[in-house]
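Contents: one structure, followed by commentary.
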Amino acid sequence: MNFIIDATVKAVKQLYQADITPADVSLQETRKEFEGQVTIVTFPFTKVSRKSPEQTGAEIGEYLKNQLKEVSAFNVIKGFLNISISNTYWVEQLYQVITTDDFAIFKPNGKKVMVEYSSPNTNKPLHLGHVRNNLLGYSVAKILDAAGYEVIKANLVNDRGIHICKSMLAWQKWGNGETPESTKEKGDHLVGKYYVIFDKEYKKQIEELKAIGQTEEEAKKNAPLIKEAQEMLLKWEAGDDAVIDLWQTMNGWVYEGFGETYKKLGVAFDKFYYESNTYLLGKDIVEEGLASGVFFKKDDGSVWIDLTEDGLDQKLVLRADSTSVYITQDMGTAQLKYDDFGMDESIYVVGNEQDYHFKVLFLILQKLGKTWARGLFHLSYGMVDLPSGKMKSREGTVVDADDLIVEMETTAKQVTEALGKINDFSEEEKTQLYHTIGMGALKYFLLKVDPKKRLLFDPNESVDFQGHTGPFIQYTHARIKSVLNRATITGVDTEPSELAPEERDLIVTLTQFPEIITQAAIAYNPGTIANYVYELAKAYNKFYHEHSILQAEDELVKQFRLQLSVASAKVISRGMNMLGIEVPERM
RNA sequence: GGUCCCAUAGCUCAGCUGGAUAGAGCAACUGAUUUCUAAUCAGUAGGUCUCAGGUUCGAAUCCUGAUGGGAUCACCA
């Protein structure tokens with residue numbers, strides 16, 4: 001639509017001898033109730049035209065109609081210039097733009113971006129919060145890829161620390177040598193079970209100590225279990241063979257479990273980082289900062305940065321005993337990632353409870369003069385809440401990722417069976433389809449909302465399969481495929497004598513796809529894609545309902561509608577793919 | 001208390017680089033299937049865009065303040 005903008009700039013120049021830039025022309029979609037496809041707001045031009053908005057619109061409209069063959073008509077309502085673009089233009093768009101192989105395919109932009117997401121703890125299974133994180137990260141990676149970036153999907157696994165020692169210790173004490181094989185339990189669930197057991201026993205000990213007069217604080221510190229866990233962590237850091245052995249074994253179980261869940265979620269990674277390898281990093285950066293005066297040392301030997309001028313606090317970056325804190329490690333890991341890949345941008349998909357941490361981290365790196373720090377971005381997303389409140393792994397009040405996936409598949413199965421459209425499918429095909437639909441519903445549900453917003457998830461109210469949902473869009477795709485399977489496409493570009501409004505609207509929506517990808521990539525927001533694909537599916541269903549494809553008036557029209565259908569299916573499929581959602585051929 | 005995020009229909013959400021009478025879905029009600037998949041389509045009803053100021057020809061959108069909700073301000077990660 002740039003040609004309209006350019007022509008408008010010229011029109012203003014010709015008519016009113018005023019120079020404006022393309023940015024001054026606000027072009028928008030014409031509202032449904034009016035005639036036309038694009039609308040120019042004429043109010044901004046009245047200053048130079050010295051005429052009423054209506055008259056200004058009429059004059060510009062007249063100019064455009066005379067100058068551009070694509071403009072077939074116009075009308076002005078209350079200062080809004082509504083322009084009708086000729087049917088020929090839209091049909092050309094379909095054949096010369098939308099159906100071409102490189103439609104909405106972005107050329108490599110030469111930029112490299114890392115998307116870090118998932119970042120699980122290896123002491124418990126994944127829950128709904130992780131699911132949101134995983135789907136978001138994966139989708140953003142797909143969107144950036146589509147927008148022309150070279151993308152590295154990274155996962156920084158939190159595989160060490162006191163929380164893992166807790167699971168290990170509880171297993172040692174009460175595990176009786178249980179393994180995933182012996183219990184037939186998924187490895188991450190087995191380990192998570194012992195994490196919960198630890199917490200239960202720990203709480204018991206705290207109560208006992210409180211009963212003999214200790215304060216809550218003292219009891220938490222003095223409980224034998226926590227002391228044992230701390231000892232175990234020290235042994236781990238000292239490289240004690242037995243502890244390392246156990247750690248490797250139990251982490252192995254967890255990774256196998258995570259692998260299964262990731263596979264079901266359909267997410268993947270190009271690069272894994274492990275905190276057991278990175279937790280000592282960052283100390284050299286502390287030295288660097290001390291040398292350059294960005295950091296300062298307190299009397300006790302601890303190292304700090306003063307961010308009060310930036311409206312933040314003083315922040316510790318190294319303990320007095322010269323051991324690392326969280327942010328030390330993150331500084332080091334950021335450097336490591338940059339050294340590994342030299343990416344232009346790096347996106348951290350992490351919950352919004354860490355907003356402050358990342359603000360500080362990025363600021364520190366900038367102050368240290370890391371040029372790449374400007375490319376760091378925290379993609380912060382809201383918590384997933386249950387009606388009962390926050391999810392807490394330790395207390396077992398979580399929606400488990402694996403359970404949730406099974407539940408979605410079961411619901412998909414029930415809905416599908418009730419409709420009875422795929423009775424000829426093999427068992428394997430059915431299982432596959434239930435998975436596709438169930439995950440489509442779940443993924444769409446989680447991705448259509450703005451990442452920033454917190455999400456309320458009611459496990460008792462199942463995710464919908466009708467209306468503004470993943471299955472609605474999947475259904476539209478299957479429906480198109482069903483029609484295409486019954487027809488032969490000649491591949492000859494035919495122009496119908498008349499273009500119905502539903503056909504034109506569908507083409508208009510299709511042409512927007514590249515712009516939508518760009519927007520989604522700029523905002524790191526899969527919701528942009530999700531809502532667009534929904535609009536497209538709706539536009540198709542409306543067209544489908546109003547017009548027969550196979551029984552079209554004549555072969556020209558039929559071929560045109562078939563091409564329109566092929567294009568719609570393709571864009572739906574590509575859009576959904578950016579959300580990590582599969583579209584079935586039948587459902 | 002400081003800082004950050006959020007607030008739109010009964011519910012879940014779009015719209016936010018300022019533009020027309022604020023849009024979808026769910027739930028409720030009505031209608032469409034001898035015709036390409038009705039997981040669909042068409043319609044009815046549902047709104048003080050939290051509130052109060054400000055900027056503007058024009059504000060759900062930008063600014064200020066308030067209210068409500070959430071997060072965070074650890075020598076935990």
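Below, read A as the first sequence line, B as the second, and so on, with proteins coming before strands; counting in each chain starts at 1.
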Legend entry - Under 4.0 angstrom between A:Lys448 side-chain N/O and B:rC13 OP1 or OP2: no

Legend entry - Any A:Lys78 side-chain nitrogen or oxygen under 4.0 Å from OP1 or OP2 of B:rU21: yes

Legend entry - A:Lys32 side-chain proximity, nearest of B:rG23, B:rA14, B:rA38: B:rG23

Inset, instruction - Check every strand shown and say whether A:Val415 touches a base, only sugar-phosphate, or nothing at a heavy-atom separation below 4.0 Å. - result: base

Legend entry - Value in whole Å for how far the C1' atom of B:rA77 lies from CG of A:Asp330: 9 Å

Legend entry - Rounded P spacing from B:rA9 to B:rG54 in Å: 25 Å

Legend entry - Any donor-acceptor pair under 3.5 Å from A:Asn121 side chain to A:Asn123 backbone: no

Inset, instruction - Describe the nucleic acid contact of A:Ile437 in one word from base, sugar-phosphate, nothing, applying a heavy-atom distance below 4.0 Å. - result: base

Legend entry - A:Tyr326/A:Gln354 under side-chain hydrogen bond (donor to acceptor under 3.5 Å, both in side chains): CA gap, chis, key distance, verdict: CA-CA 12 Å; A:Tyr326 180 36; A:Gln354 294 198 37; 2.6 Å; yes

Legend entry - For atom CD of A:Glu535 and atom C1' of B:rG25, their distance in whole Å: 11 Å

Legend entry - Check: A:Leu136 main-chain N/O paired with A:Ser139 side-chain donor or acceptor under 3.5 Å: no

Inset, instruction - Tell me whether the OP1 or OP2 atom of B:rC75 has a side-chain N or O from A:Lys315 closer than 4.0 Å. - result: no

Inset, instruction - Could you tell me whether A:Asn525 contacts a base, only the sugar-phosphate backbone, or nothing, with contacts defined as non-hydrogen atoms closer than 4.0 Å? - result: nothing

Legend entry - A:Lys453 side-chain N/O to B:rC5 phosphate OP1/OP2 under 4.0 Å: no

Legend entry - Rounded C1' spacing from B:rC5 to B:rG47 in Å: 25 Å

Inset, instruction - Under 4.0 Å between any heavy atoms, over every strand shown, what does A:Arg31 touch: base, sugar-phosphate, or nothing? Just pick one. - result: base

Inset, instruction - Would you indicate what A:Tyr534 reaches in the nucleic acid, counting non-hydrogen atoms under 4.0 angstrom: base, sugar-phosphate, or nothing? - result: sugar-phosphate

Inset, instruction - Compare side-chain N and O positions of A:Lys359 against OP1 and OP2 of B:rC73 and report whether any pair is under 4.0 Å apart. - result: no

Inset, instruction - Looking at every strand, decide which applies to A:Asp450 at a 4.0 Å heavy-atom threshold: base, sugar-phosphate, or nothing. - result: sugar-phosphate

Inset, instruction - In whole angstrom, give me the gap between the C1' atoms of B:rA59 and B:rA52. - result: 15 Å

Inset, instruction - Check every atom of B:rC41, B:rC36, B:rA77 against the side chain of A:Lys538 and return the nucleotide holding the closest atom. - result: B:rC41

Inset, instruction - With A:Phe362 as reference, evaluate A:Phe377, A:Tyr348, A:Tyr356 under the ring-ring contact (aromatic ring centres under 6.0 Å, His included) test and give the passing residue. - result: A:Tyr348

Inset, instruction - For A:Ser26, answer base if it contacts any base atom (sugar-phosphate contacts may also be present), sugar-phosphate if it contacts only those atoms, and nothing otherwise; contact means non-hydrogen atoms under 4.0 Å. - result: nothing

Legend entry - Interatomic distance where CD belongs to A:Glu555 and P belongs to B:rC36 [whole Å]: 19 Å

Inset, instruction - Please measure how far the P atom in B:rA27 lies from the corresponding atom in B:rU12, and state the result in whole Å. - result: 15 Å

Legend entry - Pairwise P distance, B:rG68 and B:rG31 [rounded to whole Å]: 48 Å

Inset, instruction - Scan A:Tyr326 against the nucleic acid and name what it touches under 4.0 Å (heavy atoms): base, sugar-phosphate only, or nothing. - result: base

Inset, instruction - Please work out which of the three classes, parallel, tilted or perpendicular, describes the rings of A:Tyr540 and A:Tyr544, given edges at 30° and 60°. - result: tilted

Inset, instruction - Could you check whether A:His477 gets within reach of a base, just the sugar-phosphate, or nothing at all, counting any heavy atom under 4.0 Å? - result: nothing

Legend entry - Candidate pair A:His378 and A:Asn352, rule side-chain hydrogen bond (donor to acceptor under 3.5 Å, both in side chains), full reasoning: CA-CA 9 Å; A:His378 174 206; A:Asn352 63 8; over 6 Å; no

Inset, instruction - Given side-chain hydrogen bond (donor to acceptor under 3.5 Å, both in side chains), test A:Asp159 with A:Asn251 step by step and report yes or no. - result: CA-CA 7 Å; A:Asp159 62 344; A:Asn251 270 350; 4.6 Å; no

Legend entry - A:Leu442 CG - B:rU12 P separation (whole Å): 18 Å

Legend entry - Sidechain-backbone polar pair: A:Ser49 side chain, A:Lys51 backbone, donor-acceptor under 3.5 Å: yes

Legend entry - Ring centroids of A:Phe80 and B:rG19 base under 5.5 Å with planes under 30°: no

Inset, instruction - Using the P atom on both, measure B:rG1 against B:rA66 and round to a whole Å. - result: 11 Å

Inset, instruction - Treat a base pair as Watson-Crick or G-U wobble with both distances under 3.5 Å, then lay out RNA chain B in dot-bracket form, 5' to 3', with | for cross-strand pairs. - result: (((((((..((((.....[...)))).(((((.......))))).....(((((..]....))))))))))))....

Inset, instruction - Counting heavy atoms from C-beta on, name the nucleotide in B:rG70, B:rC13, B:rU3 closest to the side chain of A:Leu455. - result: B:rC13

Anything under 3.5 Å between a donor and an acceptor, one on a side chain of residues 522-529 of chain A, the other on a protein residue two or more places apart or in another chain? List them.
| unit_1 | atom_1 | unit_2 | atom_2 | d |
| --- | --- | --- | --- | --- |
| A:Tyr524 | OH | A:Glu345 | OE1 | 2.7 |
| A:Asn525 | OD1 | A:Gly527 | N | 2.8 |
| A:Thr528 | OG1 | A:Asn525 | O | 3.3 |

Inset, instruction - Please work out which residues in residues 43-56 of chain A have a non-hydrogen atom less than 4.0 Å from an atom of RNA chain B and list them by number. - result: A:Phe43, A:Pro44

Legend entry - A:Phe472 CZ to B:rU12 P, straight-line distance once rounded to whole Å: 22 Å

Legend entry - Distance-only polar pair, side chains of A:Glu29 and A:Gln512, donor-acceptor under 3.5 Å: yes

Inset, instruction - Indicate, with a heavy-atom threshold strictly under 4.0 Å, whether A:Gln466 touches base, sugar-phosphate, or nothing. - result: sugar-phosphate

Inset, instruction - Could you state the atom-to-atom distance from CE of A:Met587 to C1' of B:rU37 in whole Å? - result: 10 Å

Inset, instruction - State whether the number of non-hydrogen atoms from other residues, nucleotides or ligands found under 6.0 Å of A:Lys430 atom NZ is greater than 12. - result: yes

Inset, instruction - Looking only at side-chain atoms of A:Thr39, point me to the closest of B:rC75, B:rA20, B:rU72. - result: B:rA20

Legend entry - Distance below 4.0 Å between A:Arg486 side-chain N/O and B:rU37 OP1 or OP2: yes

Legend entry - Gap in Å between the two P atoms, one belonging to B:rU21 and one to B:rU64, rounded: 28 Å

Inset, instruction - Report which part of the nucleic acid A:Asn82 touches: base, sugar-phosphate, or nothing (heavy-atom distance under 4.0 Å, all strands). - result: base

Inset, instruction - Would you kindly give the CD-to-C1' distance between A:Glu237 and B:rA77, to the nearest whole Å? - result: 13 Å

Inset, instruction - Scan A:Thr416 against the nucleic acid and name what it touches under 4.0 Å (heavy atoms): base, sugar-phosphate only, or nothing. - result: base

Inset, instruction - Check the pair A:Tyr279, A:Trp236 against ring-ring contact (aromatic ring centres under 6.0 Å, His included), reporting the backbone distance first and the verdict last. - result: CA-CA 13 Å; A:Tyr279 79 105; A:Trp236 181 92; 5.6 Å; yes

Legend entry - B:rG23 versus B:rC4 - spacing of their P atoms, nearest Å: 34 Å

Inset, instruction - Assign A:Glu275 to base, sugar-phosphate, or nothing according to its heavy-atom contacts below 4.0 angstrom with the strands shown. - result: sugar-phosphate

Inset, instruction - Return the value, rounded to whole Å, for the distance between atom CZ of A:Phe425 and atom P of B:rU37. - result: 13 Å

Inset, instruction - Among the candidates B:rA71, B:rU37, B:rG23, find the nucleotide nearest to the side-chain atoms of A:Arg479. - result: B:rU37

